[in-house]
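No hydrogens, no waters, no symmetry mates; every other heavy atom, side chains included, goes into these values. Just so we're on the same page: letters track the sequence lines, and every chain starts at 1.
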Number of protein chains: 2
Amino acid sequence: MQAPPPPTAPDPMLKLENQLCFPFYAVSRQLTKTYQPYLQELGLTYPQYLVLLLLWEHEQLTVKALGDRLLLDSGTLTPLLKRMEQRQLLSRRRAPHDERSVIIGLLPAGRALEAQARSIPGQLLAKAGLALDELAALRSQLTQLLARLT
Amino acid sequence: MQAPPPPTAPDPMLKLENQLCFPFYAVSRQLTKTYQPYLQELGLTYPQYLVLLLLWEHEQLTVKALGDRLLLDSGTLTPLLKRMEQRQLLSRRRAPHDERSVIIGLLPAGRALEAQARSIPGQLLAKAGLALDELAALRSQLTQLLARLT
DNA sequence: CTCAAATCAATTGTGCACAATCAAACATTA
DNA sequence: TAATGTTTGATTGTGCACAATTGATTTGAG
């Protein structure tokens, strides 16, 4: 279905193909879909995988620390972490010295997923058709942009 | 809250900072947040804004055509379009020659938002601190990556 | 012409994402 | 220490995002 262009030509800056944000939005969603079959084997969603990446590295972190690193707030993290707690992937407990904080700790079932996840990054890079140096260049541009936006 | 590193150092490919996808995921969400104050004045969400960008250009499109261009399926678009229909921004009707298709047409209230949206792309570019040539370079890389992923 | 396959939108169910609000716990300072 | 303000997580409500299924419609092979 394709209509003829409207009588008044639109501002070129308002055409979808010229948008800054749309490619980020679309690539982000497509990347998540690309991860999906691998993560499904582990029973994880992409945001849950990100939480585990941090816990594999740090063993335990507060909800606040997770949110700071992932740029997610408690409205997103709390239900997500409760689902992972039900699966015994992690534990949630109040910090003894500061009852406001909730400490998220890695449990054995969560630790066990690390070995299964090892092959994921390499397979993703292959699917994206990126060499390691291209990846590094792209990532540094994105990190720089992210810093300007936050 | 920061715990000492775990006894077994994690695979560097599994560290958050080395992930390919996370920067896209984070930048995409941050960009949406950056748009938010401007779009709020128009009463639009970011995906609704994308639909209008296409309608400003094409006046009318089927749900299928919108989904193809935005890489969104009907489970996402149908409720979103119904909300926009309720606000009289667009119309939804079956195609006479093919009753399976639903044609989305721009209404005056939707057309009227175009003038108000004109200033948005420029303000976003300024906030992102990008020059036009940087933008073009980044966009071509992203478009290329998107093509490899789809 | 017939009916099996393909197309398209809608629906259902799950899981983010985020603004806004709240309440508890902690920190500060007068 | 009493009053005030800040930090932290949880809750609520709205709106995507997408997999899976359904049902109506159209197409096309025989």
Side-chain angles (χ1 to χ4, degrees), chain A residues 1 21-22 24-37 39-40 42-51 61-68 70-87 89 92-104 150, chain B residues 1 21-22 24-37 39-40 43-51 61-68 70-87 89 91-104 150:
Chain A
M1 182 75 207
C21 189
F22 178 67
F24 285 101
Y25 169 73
V27 166
S28 173
R29 287 186 297 111
Q30 288 301 307
L31 275 173
T32 302
K33 282 189 202 171
T34 310
Y35 273 96
Q36 208 270 341
L39 294 178
Q40 190 167 30
L42 313 191
L44 296 174
T45 64
Y46 182 69
Q48 290 171 5
Y49 172 66
L50 294 181
V51 166
L61 289 167
T62 62
V63 174
K64 171 97 171 85
L66 286 169
D68 285 345
L70 300 177
L71 307 178
L72 293 171
D73 71 5
S74 70
T76 301
L77 286 174
T78 296
L80 181 157
L81 294 170
K82 284 183 176 175
R83 279 187 287 273
M84 296 177 77
E85 182 188 30
Q86 287 196 337
R87 290 185 49 204
L89 299 177
R92 298 166 66 248
R93 64 188 172 85
R94 294 280 166 182
H97 59 290
D98 185 343
E99 289 282 333
R100 292 171 305 178
S101 298
V102 171
I103 299 176
I104 305 301
T150 49
Chain B
M1 182 74 208
C21 189
F22 178 66
F24 286 101
Y25 169 73
V27 166
S28 173
R29 286 186 297 111
Q30 288 301 306
L31 275 174
T32 302
K33 281 189 204 172
T34 309
Y35 273 97
Q36 208 271 340
L39 293 179
Q40 190 168 27
L44 296 174
T45 64
Y46 182 69
Q48 290 171 5
Y49 172 67
L50 294 180
V51 166
L61 289 167
T62 62
V63 173
K64 173 99 170 80
L66 286 169
D68 286 346
L70 300 177
L71 306 178
L72 293 171
D73 72 4
S74 68
T76 301
L77 287 175
T78 295
L80 181 156
L81 294 169
K82 284 182 175 174
R83 280 187 287 273
M84 296 177 77
E85 183 188 29
Q86 286 195 336
R87 290 185 51 203
L89 299 177
S91 61
R92 297 166 67 248
R93 64 187 172 86
R94 293 280 166 181
H97 59 287
D98 185 343
E99 288 283 334
R100 295 170 305 177
S101 298
V102 170
I103 299 176
I104 305 300
T150 50

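In the set C:dA9, D:dC18, D:dG9, the nucleotide with an atom closest to the side chain of B:Asp73 is D:dC18. Comparing C:dA17, D:dT11, C:dT7 against the side chain of A:Lys82 picks out D:dT11 as the nearest. Residue B:Val63 has its side chain nearest to C:dA9 when only D:dT6, D:dC18, C:dA9 are considered. Closest approach to the A:Leu72 side chain among C:dA17, D:dG9, C:dA25 is made by C:dA17 (side chain taken as heavy atoms from C-beta onward). When distances run from any side-chain atom of B:Ser101 to the nucleotides C:dC8, D:dA10, D:dA17, the shortest one goes to C:dC8. Checked against D:dT25, C:dA10, D:dG9, the side chain of B:Glu99 finds its nearest nucleotide in D:dT25.
Counting to the nearest Å, the P atom of D:dA24 and the CZ atom of B:Arg94 are 11 Å from each other. Rounded to whole Å, atom P of C:dA5 lies 16 Å from atom CZ of B:Arg100. Taking atom CZ of B:Phe22 as the reference point, atom P of C:dA17 lies 11 Å away to the nearest angstrom. Distance B:Asp98 CG to C:dT7 P: 12 Å, rounded to the nearest Å. If you take CZ of B:Arg93 and C1' of C:dC8, they are 16 Å apart, rounded to a whole angstrom. Taking atom CG on B:Leu81 and atom C1' on C:dA10, their separation rounds to 12 Å, with Å as the unit. The interatomic distance linking A:Gln40 (CD) with D:dA19 (P) rounds to 9 Å, in whole Å. Put simply, CG on A:Leu61 is 16 Å from C1' on D:dG9, counting in whole angstrom units.
Expressed to the nearest 0.5 Å, how far CG of B:Leu66 lies from CG of B:Leu81 amounts to 6.5 Å.
B:Val63 has its side chain out of reach of B:Arg92: every pair of non-hydrogen atoms, C-beta onward, lies at least 4.5 Å apart. Contact check for A:Leu44 versus A:Leu89: side-chain heavy atoms found under the 4.5 Å cut-off.
Taking all atoms of both residues into account, the shortest heavy-atom contact from B:Ser28 to A:Ser28 is CB-CB, 3.9 Å. Shown here for B:Arg29 and A:Leu71, the closest heavy-atom pair between the two residues is NH1-O, 2.8 Å.
For A:Thr78, a side-chain nitrogen or oxygen approaches OP1 or OP2 of D:dA10 to under 4.0 Å. Note on A:Arg92: a side-chain N or O is less than 4.0 Å away from OP1 or OP2 of D:dA10.
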Protein and nucleotides 12-16 of chain C: nitrogen or oxygen contacts under 3.5 angstrom:
residue : atom : partner : partner atom : Å
C:dC16  : OP1  : A:Thr45 : OG1          : 2.6
C:dC16  : OP2  : A:Gln48 : NE2          : 3.0
C:dC16  : OP2  : A:Arg83 : NE           : 3.0
C:dC16  : OP2  : A:Arg83 : NH2          : 2.9
C:dC16  : O5'  : A:Arg83 : NH2          : 3.1

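Between B:Ser74 and B:Gln36, the one whose closest nucleotide on DNA chain C sits nearer the 5' end is B:Ser74.
Within the 3.5 Å criterion, the main-chain N or O of B:Arg100 finds a donor-acceptor partner in the side chain of B:Arg94.
Ring-plane geometry between A:Tyr46 and A:Tyr35 is classed as tilted, the angle between the planes lying from 30 to 60 degrees on a 0 to 90 degree scale.
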